[in-house]
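As structure tokens, the structure follows; a few thoughts come after it.
First the proteins, then the strands, lettered A, B, ... as listed; each starts at 1.
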Number of protein chains: 2
Amino acid sequence: MHGIEATHHLRPATLVSDQESICSFLSEHGIKPTRQRVAIATHMFEKDQHLSADAILDRVNSDGSITTVSKATVYNTLKLFVSEGILREVAIDPQRILFDTNTHHHHHVLNMDTGEIRDINPVDIDLTKLTGLNSSETIDSVDLVIKVRSNKDQ
Amino acid sequence: MHGIEATHHLRPATLVSDQESICSFLSEHGIKPTRQRVAIATHMFEKDQHLSADAILDRVNSDGSITTVSKATVYNTLKLFVSEGILREVAIDPQRILFDTNTHHHHHVLNMDTGEIRDINPVDIDLTKLTGLNSSETIDSVDLVIKVRSNKDQ
DNA sequence: ATTTATGCAAAAACTTTGCATCCAG
DNA sequence: CTGGATGCAAAGTTTTTGCATAAAT
């Protein structure tokens with residue numbers, strides 16, 4: 001009775017660029033659009049991307065605008081965005097915890113040579129072969145990270 | 001040209017219980033069996049499990065033996081064990097970085113209600129459907145975490 | 001005016017580094 | 001002795017908390 005049909009297409013993140021849209025976007029998700037939050041969202045939702053809390057902090061505080069934000073606020077705001085469903089937190093590996101603008105069901109490829117992270121379509125995962133699942137358990141989510149290396153043409 | 005055949009059976013971790021075996025086990029893997037390392041290994045390889053650095057520290061320093069170990073040594077030792085291939089570090093989710101005694105290829109089920117983590121057989125993952133992979137890239141590893149909830153019988 | 005929410009300094013938790021000490025040759 | 005390895009205090013990072021302030025009712 002367990003199974004996730006993972007046959008969607010890869011959908012892009014919700015992107016918003018101008019101040020106006022960012023405010024409505026936040027409001028629509030029950031988030032009061034304060035100065036700090038708009039500043040953080042501006043950088044985060046500029047494009048489909050995976051950023052660390054630290055990268056966001058740097059960008060917000062070096063974009064030339066008056067608005068600077070503390071580290072605590074960046075963490076608390078990103079956590080708020082996650083809990084309101086407009087961001088997803090991803091552990092690409094134990095050393096890289098990132099915030100992903102794409103909250104749709106998808107997986108990740110990490111190129112270990114370039115450090116590049118790409119979203120990939122959810123692939124079909126045959127869970128019927130799974131032996132370690134209790135019948136009383138329901139699948140909530142499936143996180144898949146594929147680590148690759150660029151061929152050195154050997 | 002990418003493909004990992006994931007049809008092995010679920011193999012248990014290498015377990016060692018007595019002082020003697022732990023020393024040889026460490027030596028065999030190029031790790032000098034010092035007091036601190038044996039203490040840490042004793043608790044880690046006691047059974048097939050997933051433990052945080054902090055949990056190991058607690059156990060080592062409260063088992064009644066004379067040997068206590070600093071936090072730094074626990075971190076450095078676990079990192080050493082990982083680099084020597086006798087432990088695997090797993091990001092079950094962004095909040096849970098754990099050390100896994102099972103270094104064989106396998107995946108994880110996290111029961112979000114009980115917090116229990118179980119190893120599962122590597123399942124067949126059809127990577128031929130993958131569209132986001134460059135032909136110049138080779139798969140290095142595949143990490144899969146399935147989050148489940150206990151049915152509330154609703 | 002009272003209540004609720006917000007931002008951040010400070011605290012806590014986590015991880016790494018640099019060096020004094022130990023140990024093998 | 002000497003050179004490399006080891007353990008850990010201290011430093012550096014990351015994340016959370018508690019509270020002063022701000023906004024809303």
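- A salt bridge between A:R88 and A:D143 is present, with a side-chain N of the basic residue lying under 4.0 Å from a carboxylate O of the acidic one.
- What separates CG of A:N76 from C1' of D:dT16 is a distance of 7 Å, to the nearest Å.
- Clustering ILVMFWY residues whenever any of their side-chain heavy atoms sit less than 4.5 angstrom apart, transitively, puts B:V90 in a cluster other than the one holding A:I92.
- In the set D:dG7, C:dG7, C:dT16, C:dG7 carries the atom at the smallest distance from any side-chain atom of A:R37.
- Put simply, CD1 on A:I56 is 20 Å from P on D:dT13, counting in whole angstrom units.
- Going from atom CG of A:L80 over to atom P of C:dG7 covers 9 Å, rounded to whole Å.
- Atoms CZ (A:F99) and P (D:dT15) sit 7 Å apart, rounded to a whole Å.
- Judged by closest nucleotide on DNA chain C, B:K79 is the one of B:K79 and B:K32 placed further toward the 5' end.
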(request) Show the numbers, then the answer: is there a ring pair (Phe, Tyr, Trp, His ring centres under 6.0 Å) between A:F99 and A:F81? (result) CA-CA 10 Å; A:F99 293 88; A:F81 286 3; 9.3 Å; no

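- Atom CD1 in B:I97 sits about 12 Å away from atom C1' in D:dT14, given to the nearest Å.
- Proximity of A:T34 to the phosphate of C:dG7: a side-chain N or O atom is located under 4.0 Å from OP1 or OP2.
- Each of C:dT16, C:dC8, D:dG7 was ranked by its minimum atom distance to the side chain of B:A72; first place goes to C:dT16.
- Taking a cutoff of 4.0 Å between a charged side-chain nitrogen and a carboxylate oxygen, A:K79 and A:E84 do not qualify as a salt bridge.
- Distance CZ (B:R96) to P (D:dT14): 23 Å, rounded to an integer number of Å.
- The nearest whole Å value for the distance from the OH atom in A:Y75 to the C1' atom in C:dC14 is 11 Å.
- B:Q95 places its CD atom 21 Å from the P atom of C:dA12, with the value rounded to the nearest Å.
- Taking 4.0 angstrom as the limit, B:T73 places a side-chain polar atom (N or O) nearer than this to OP1 or OP2 of D:dC8.
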